[in-house]
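Take a look at the structure set out below.
Letters go in sequence order (proteins before strands), and every chain restarts at 1. Being a predicted model, the structure only gives us computed values, none of them experimental.
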4 protein chains.
Amino acid sequence: MPGALADDGASAYDGIGAIDDETPRVGRPRDPRVDSAVREATLRLLVEDGYQATSIQAIARLAGVSAPSIYRRWSSKAELVEEAVFPTGQLVEPSLTGDIGSDLETYCRGIVEHLADPAVRAAIPGLLTEYQTDPELFQRLVQRSLTPMRAAFADFVARTGRQPVADVQSLFDVMIGALFVRAISTGAADAEAFASQVARVISAALIAEEAS
Amino acid sequence: MPGALADDGASAYDGIGAIDDETPRVGRPRDPRVDSAVREATLRLLVEDGYQATSIQAIARLAGVSAPSIYRRWSSKAELVEEAVFPTGQLVEPSLTGDIGSDLETYCRGIVEHLADPAVRAAIPGLLTEYQTDPELFQRLVQRSLTPMRAAFADFVARTGRQPVADVQSLFDVMIGALFVRAISTGAADAEAFASQVARVISAALIAEEAS
Amino acid sequence: MPGALADDGASAYDGIGAIDDETPRVGRPRDPRVDSAVREATLRLLVEDGYQATSIQAIARLAGVSAPSIYRRWSSKAELVEEAVFPTGQLVEPSLTGDIGSDLETYCRGIVEHLADPAVRAAIPGLLTEYQTDPELFQRLVQRSLTPMRAAFADFVARTGRQPVADVQSLFDVMIGALFVRAISTGAADAEAFASQVARVISAALIAEEAS
Amino acid sequence: MPGALADDGASAYDGIGAIDDETPRVGRPRDPRVDSAVREATLRLLVEDGYQATSIQAIARLAGVSAPSIYRRWSSKAELVEEAVFPTGQLVEPSLTGDIGSDLETYCRGIVEHLADPAVRAAIPGLLTEYQTDPELFQRLVQRSLTPMRAAFADFVARTGRQPVADVQSLFDVMIGALFVRAISTGAADAEAFASQVARVISAALIAEEAS
DNA sequence: CAATAACCGAGACGGTACGTCGAGTCTTATA
DNA sequence: TATAAGACTCGACGTACCGTCTCGGTTATTG
């Protein structure tokens, strides 16, 4: 049944029997090229000019699309950027293959690699700023991205049979926070080395079960 | 006597002991009430309306001050916010009083408390966004705030006589990153509890020196 | 028949008799109420507050219109004022009905009446000032207003069969200059009396052809 | 003693040996270099940049002087420009030397020469614009410059013994208006030729007295 | 096969913020 | 005690983006 949840989540988007994802069936259908052109323009502007300069009008200009066509699809810049930067289910999961230390290192590298992506780096502070106005947006993103990661990490720790010196949620927060800040501030430079350092710290916080 | 006059004029500018803090000594002096009113208005707007809505014009309106008076003092919103939020030398330092664990806990609490301040929380994502346009600003802040903290932490670790499982700089980054993200995302709620969890993780990364 | 549609579409743009007044046929059309409100506000402010105080922002306020809406239509205050004050082809022409003296008097009265209009009076010095920066604007107005008047006057003189004591162009300049300065400086007060005095002077400069 | 004050006031303007025209005798004396520097800067800016761009601040900058130093001496830009451009008593007077036609030509040339001076040309429309706000200024200038000219012209006409076809005041207005507009609009180019044309027109308006 | 309805681009709309500049006034140190 | 310098408030400048709207015109699906 644990898989059921994932299935449900999927079905919401493209599952069998999904009748109506709120798009109308009559009238001229939306041009899918508009969607992709906008997404591409958004990513490019984010990387090249930063979040602030990535205005809706600038995106429209670069994408060769009208502003209303964008507003028809996304209700705000935050929503558009979020969707462009975190498409869906880009889940990084830890896998227990043998040595806990190297497993964690692989895991941390995966996370930092994703966060250090130039578009992601550029988008995050901007999104955080927007969340001040619309906290709901933030909750949605957390729900969508962070919650499943959190569960997967907890599962990983449980399967190691180790005893964490802090509660698992906080340990996850430490790891994510460290990687997040590093990715945002320094980017991809030396990210791998830092990821392995973080992995060591997290490792050290997982004490081997007593023999007894 | 006529020469004396000229000498006086010169000595006013570069005489021995002249403080010369780049402020002009002639003309109407700046009204210090303007400075403080602007700073207060900035903090209030940051907390109430967020970084985006904290426009220079809105600050001017709230402070009862003209926009040019603000631009005369600060070259940009980023600079003004930075100065309002990180006044100067608000250094949190770790002290080795006895138990390393509780020392670290105190330290982490101090950091998270500062970062969880509503104005700081509101300012940081906005400043990070601006740094995309003007990276120099970021370096200045890091230099001013983070570098001394980093040194103090390294010193603290050295004095504990413990051996960190990761290099000290990375350990600092892990700690700061964890506290930073928590403060930004969740604020002051349960911050103390989280700080002690972080302290435990950092503690665990400091291995007691071999007896040998 | 399917091709016909496309042809129709094309003919709508460049068919025979297409008016093609350079206005775009796509996009939301301009609200004509904005144009007229701006023009009215401009005239009113010119009369009440003078040219200097007639700022674009003041016009926008009074017209209940945004400043960008004005800049969308007119590139500068000078252009807007010029259009508001000299709408188009308000030509005053002399007519040879019988007595040259009374014809000239009627003509001069017409000119001074137009120039003494409060809005015109208020606008002219302002426009002249702007022309120092942008001489092209001045040439355009001259071309538009003065050149046809000049031609009509020359024609009038020719038809009288009289011999002017000075060349016709200079005579026109004398007449216009006199009326212009009077209208600007004194306004409509006693303008009619002055017009007839000017007519006498111009009359006296037209010598009856020798009998021979 | 009571009369002393009033006497001082009067002597300031027209008393014999008037030492001191209302400037205070105590305190730091005004630097006369400021006056001349400001006047020169004003004329230069008028010619180079036009009336609009000749702001008090620009004059202060160019003259190497502070804005308050200017306001201390002149109450407004109009007053400063007026004084700089029409220093005092630059009276052009007609003289009856023999042939009325050539006398008038000399007279007209003198007037147009003065008005066509680049600084005068640049100043006049600006001053006229300011007069909309402050009509009093205009009257003062008229009183100071035009009234004596008007009287001198009337005297000239009287001495010719000719009978003008229009009243003398209007004739003066025609002449001045014609020369004024020409000087403002065209400047010095061909001014002499135009002056002689005007002289002819005015001549023609002066009919030789009947022999009877 | 016609009617319908949502789409498309273009561009105008009212608002608002931007950062700069000029107008005059006020305050301080200096002469 | 008046001057010179510079900060002061106020408001205009012209531009950009916001999110919405009104167009003319297109393209699918429905009746």
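Contact annotation for Arg73(A): backbone-only contact, meaning every heavy-atom pair under 4.0 Å involves sugar-phosphate atoms and none involves a base. Here Arg61(C) lies in heavy-atom contact (under 4.0 Å) with sugar-phosphate atoms only.
Checking the phosphate oxygens (OP1, OP2) of dC13(E), no side-chain nitrogen or oxygen of Ser66(C) falls inside 4.0 Å. Within the structure, every side-chain polar atom (N or O) of Arg30(A) is placed at least 4.0 Å from both OP1 and OP2 of dA5(E). Between Ser55(B) and dT16(E) there is no side-chain N or O to OP1 or OP2 distance below 4.0 Å. For the OP1/OP2 pair of dA4(F) and a distance below 4.0 Å, the side-chain nitrogens and oxygens of Ser69(D) include at least one atom meeting the criterion.
Side-chain contact between Tyr51(C) and Leu127(C): present, with at least one pair of heavy atoms (C-beta onward) separated by less than 4.5 Å. Arg39(D) is not listed as a side-chain neighbour of Arg73(D), based on a closest heavy-atom distance of 4.5 Å or more.
Of the two residues near DNA chain F, Gly64(D) and Thr54(C), the one whose nearest nucleotide lies more 5' is Gly64(D).
Across Leu46(B), Leu80(B), Leu43(B), a single residue satisfies side-chain contact (heavy atoms from CB on, under 4.5 Å) together with Thr54(B), and that is Leu46(B). Just one residue in the list Ile56(A), Val34(A), Thr42(A) forms a side-chain contact (heavy atoms from CB on, under 4.5 Å) with Ile70(A), and that residue is Ile56(A).
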What protein N or O atoms touch nucleotides 24-27 of chain E N or O atoms at under 3.5 angstrom, if any, and at what distances?
residue	atom	partner	partner atom	Å
dG24(E)	OP2	Tyr71(D)	OH	3.2
dC26(E)	O2	Arg28(B)	NH1	3.1

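When all heavy atoms are compared, the tightest approach of Ala41(B) to Ile59(B) is CB-O, 3.9 Å.
Set against dA4(F), dG14(E), dC8(E), the side chain of Asp31(A) has dC8(E) as its closest nucleotide.
Listed in residue order, the members of residues 36-47 of chain A having a heavy atom less than 4.0 Å from DNA chain E come to none.
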- Determine, step by step, whether Glu48(C) and Arg44(C) satisfy the salt bridge (charged side-chain N to carboxylate O under 4.0 Å, His left out) criterion, reporting the C-alpha distance in whole Å, the side-chain angles of both residues, the deciding distance to 0.1 Å, and the verdict. CA-CA 6 Å; Glu48(C) 292 178 1; Arg44(C) 191 170 148 197; 3.2 Å; yes
- Item | salt bridge (charged side-chain N to carboxylate O under 4.0 Å, His left out) evaluation trace for Asp35(B) with Arg30(B) | CA-CA 9 Å; Asp35(B) 295 65; Arg30(B) 287 194 179 155; 5.9 Å; no
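Residues Ser69(C) and Arg72(C) bring a donor and an acceptor atom of their side chains to less than 3.5 Å of each other.
Here the P atom of nucleotide dG19(E) and the CG atom of Asp134(B) are 13 Å apart, to the nearest Å.
Distance alone, capped at 3.5 Å, places no donor-acceptor pair between the Glu79(B) side chain and the Trp74(B) backbone.
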